[in-house]
Amino acid sequence: MSIVKQAPGRAAAGPIAAELRRRPSFRADIQALRALAVSLVVLNHLWPKELSGGYVGVDVFFVISGFLITSHLLRELLGTGRIRLASFYARRIRRLLPAAFLVLTASLIAAMVWLPFSRWEDTAHEVLASALYTENWVLAAKSVDYSASTSSATVVQHFWSLSVEEQFYLIWPLLLLALSWLAGRGSRPGVPMVFGGIAAVTALGLAASVLTTEYSPNQAYFVTPVRAWEFGAGALTALALGRQGLPSPALKGSGPAGFTLIVCSALAFNDGTAFPGFLALLPVLGTVMVIVAGNNNRRPAFKPLISLIPLQYLGNISYSLYLWHWPLIVIAPFALGHALDNFDRIGIVLLAVVLAGLTKAYVEDRGQLSVYLTASARRTFVAMAVGMALVAGLAGLQLHVKEIRQEAAEQAAAAAALEPCHGPLALLPGADCADPFGPSAAPVMSDANDYWKTPPSCDHQDDELKAADTRTHQRCDFSGGRRDAKTVWLVGDSHAQQWQAAVFAAAKQRGWIVRTALLGGCPVADVEFTGYEDSADQNSARTCMDWAKRVTDAVAADRPAAVFTSMFARRQSVDDGSGRPVSEQFTTGLQRTWQRWTDAGSMVYVLADPPLNQAVRQPDCTNLHIHDPASCAVDRAVAQPEDPLITAAKSSYNRDVQLVDLTDYFCDQRKCYTVVGGVNVYFDANHLNREYSELLAPLLLDRLAK
């Protein structure tokens, strides 16, 4: 497969074509850039607090790819007038896919051996997405799905950047051909048209990056159009180098300044940085400066350092090192049985380097030089399809085994439920339970433990309470057809939703009709909400406030017998511009909202948020200490710090507002636990296990006004 076109504007293209022919295929400075980039990423993943902005290493890789691939394609296009697409794609496949398929396969197997089966489904799905190089879009979709925000990272999450690169490789040759074709149809010389077209794409991409980072920051990090300008910056560098006229002193200073800019970005940025946005210009420009400084075989500054054998070796294995390091980080705590310490992290680095070296020598290089594959592009494509099919088959097997393991876990939980000291019952006053904080009967959480699961008696209502495109309102009828059945509401964010199993169980006993209005990360309170967990997404904040007002009005208009409400106020930001403390703003706003409901004749039950989980302990602590979950216990004062929700309820003078605080069924006098009465307390990082929530129903009913 090839697209042929007469080389446009040969006279105009002459200097560029000549420069491309002279340009060496290997550059030690670019290899050093690769070494720096992969080092920043690996160190950021292992020591995120110490190198908080190491993720800029990915941006360095993108610029390098744009430079090298554009140089190669332009050399062919300007020299022959065509780009042999089949040959280009086949070379990319032989270069990248053998090592990628090896790591994907190894990651699937390692996940089945060491990870809890609750993580197998996400692993299998993301491995498939990675094999198809769409992982970045999967993560972008999850980034705006609140229910996925507390999911643990899979062993292949890092494939998002490789997916972006593959999409670039797929589209970029077609863009160059299109620009070349347009140049041939007009009077403009070929190279200026190509340069102008790439410059336009780069400028548009940068604008998209800035705007998307401002208005949809969670997606901005992953989506390809937002990252395209970084490849474009490398491509423009490839085109400009043949005509650059920087004086020699400026070029000598460009390299050190570029490296410095990259390192400073890695040290200065953090998780709260609005990235990529315009700030990505810093590592991108730094990379461009290093590439420009080494053009035309110039002796780059720091050449003795750049040429060090360990640094060059690290650059040589950078691709495989990037592939291996992340699965090792995810798997290691489970294989070792404890949270990683610095000694473990150093061991991961060494093991990753060894695996990368072996993969480079025996998989990457042999894949590129395979006589069988290089003989025909068709053979390469067939080999790619076979590899994808094998990975897909293994992922399917993992999903099947996961279903078997989940069924066994549900049976074990059902058997344990017959015990007298089951769940929170073990902490009832006077309970004589031998080991209330001992091992869980079913320590691995599965679909049966989903806190958001609703029974068949629930159905979605009309769209009057939608939040953007999200349906938030359900009606659950547990009345058995009684005409005098009371209606109650459950409203709030996911920390209200985690109580719905308890509310539903109570409703079955009392014959209630339950109406729910639940939106993740959004407080139902008359406050100026600015974001959840430091999010700066203004659109989401406005959507939340609009939804909260409509919910408040709908509840007041319905005049229910009771309203149950809760929220994760400790992780929600509000700012009305008054400078008052957040707790005070929450107190005022919550009490105004509750007053609306009590004025309508409703009792308001404020469900105190359970003790913190991930914020105070290793998120996988229970699974890492299956036989001794009590070792995950945290001091009560640490696990249950001040909460604006509780403060507002306690300070309310409204007699129809009642605080329901069940902390004593998560903690003893000193500590709070992750397993109580043989039942996991938590489903994920900060939500209750549905089973534990349901077991709290009798205790909840006991606290209600008679």
Side-chain angles (χ1 to χ4, degrees), residues 1-5 7-8 13 16-17 20 23 25 30 34 58-97 100 132-137 159-184 190-209 222-242 276 280 284 287-288 291 319 377 380-381 384:
M1 176 183 177
S2 64
I3 296 180
V4 180
K5 181 185 182 299
I16 300 293
L20 289 168
R23 196 171 292 170
S25 58
I30 290 182
R34 287 193 177 112
V58 171
D59 304 84
V60 175
F61 277 126
F62 288 166
V63 178
I64 293 172
S65 294
F67 173 77
L68 293 177
I69 294 302
T70 304
S71 296
H72 170 78
L73 292 173
L74 285 176
R75 188 181 297 117
E76 182 178 5
L77 181 60
L78 297 178
T80 67
R82 65 178 184 173
I83 294 176
R84 294 175 298 171
L85 292 176
S87 296
F88 171 76
Y89 293 139
R91 285 194 300 272
R92 290 289 88 200
I93 290 169
R94 292 193 296 270
R95 166 71 179 88
L96 300 173
L97 266 61
L132 297 172
Y133 286 97
T134 57
E135 171 70 352
N136 64 313
W137 293 105
F159 267 76
W160 76 268
S161 63
L162 303 177
S163 298
V164 173
E165 288 221 24
E166 284 296 324
Q167 292 158 30
F168 163 73
Y169 297 145
L170 181 65
I171 295 171
W172 205 247
L174 303 177
L175 175 63
L176 292 179
L177 282 168
L179 292 172
S180 181
W181 179 80
L182 287 173
V191 170
M193 171 64 80
V194 173
F195 188 94
I198 293 176
V201 169
T202 303
L204 288 173
L206 178 57
S209 177
F222 299 110
V223 295
T224 305
V226 171
R227 295 289 189 163
W229 72 274
E230 299 179 8
F231 297 97
L236 291 176
T237 305
L239 277 161
L241 283 183
V284 167
T287 307
V288 168
I291 293 173
Y319 173 59
T380 299
F381 295 133
M384 176 187 71

Show the numbers, then the answer: is there a side chain to side chain contact (heavy atoms under 4.5 Å, CB included) between I93 and F381?
CA-CA 8 Å; I93 290 169; F381 295 133; 3.4 Å; yes

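For the pair Y319 and L96, the tightest heavy-atom approach, listed with the atom from each and the gap, is OH-O, 2.7 Å. Nearest heavy-atom pair, E230 versus F62, reported as atom, atom and distance to 0.1 Å: OE1-CD1, 3.1 Å. Smallest separation of non-hydrogen atoms from L170 and Y89: O-OH, 2.7 Å. Closest non-hydrogen pair, P173 versus F88, comes out as CG-CE2, 3.3 Å. The shortest non-hydrogen separation linking A235 to T70 is CB-OG1, 3.1 Å. Here the closest heavy-atom approach between residue S161 and residue V58 is recorded as CB-CG1, 3.8 Å.
For the side-chain contact (heavy atoms from CB on, under 4.5 Å) with V164, the qualifying choice from F231, F222, F61 is F231, the only one to do so.
Side-chain contact check for L177 versus L73: every heavy-atom pair is 4.5 Å or farther apart. Residues H72 and R91 are in side-chain contact: their nearest non-hydrogen atoms beyond the backbone lie under 4.5 Å apart. In this structure, the side chains of W160 and R227 come closer than 4.5 Å at one or more pairs of heavy atoms.
The distance from the CD1 atom of I171 to the CD atom of E166 is 11.5 Å, given to the nearest 0.5 Å. For the atom pair CG (L68) and CD1 (I30), the distance works out to 5.0 Å, reported to the nearest 0.5 Å. The CG atom of L162 sits 6.0 Å away from the OH atom of Y133 when rounded to the nearest 0.5 Å. A distance of 6.0 Å separates CD1 in I291 from CD1 in I64, rounded to the nearest 0.5 Å.
The closest donor-acceptor contact from the side chain of S209 to the backbone of G205 lies at 3.5 Å or more, if one exists at all. A donor-acceptor pair under 3.5 Å is formed between the side chain of T202 and the backbone N or O of I198.
Residues T287 and D59 have side chains that never bring a donor and an acceptor to within less than 3.5 angstrom of each other. Side-chain contact, W137 with S163: no donor N or O sits under 3.5 Å from an acceptor N or O.
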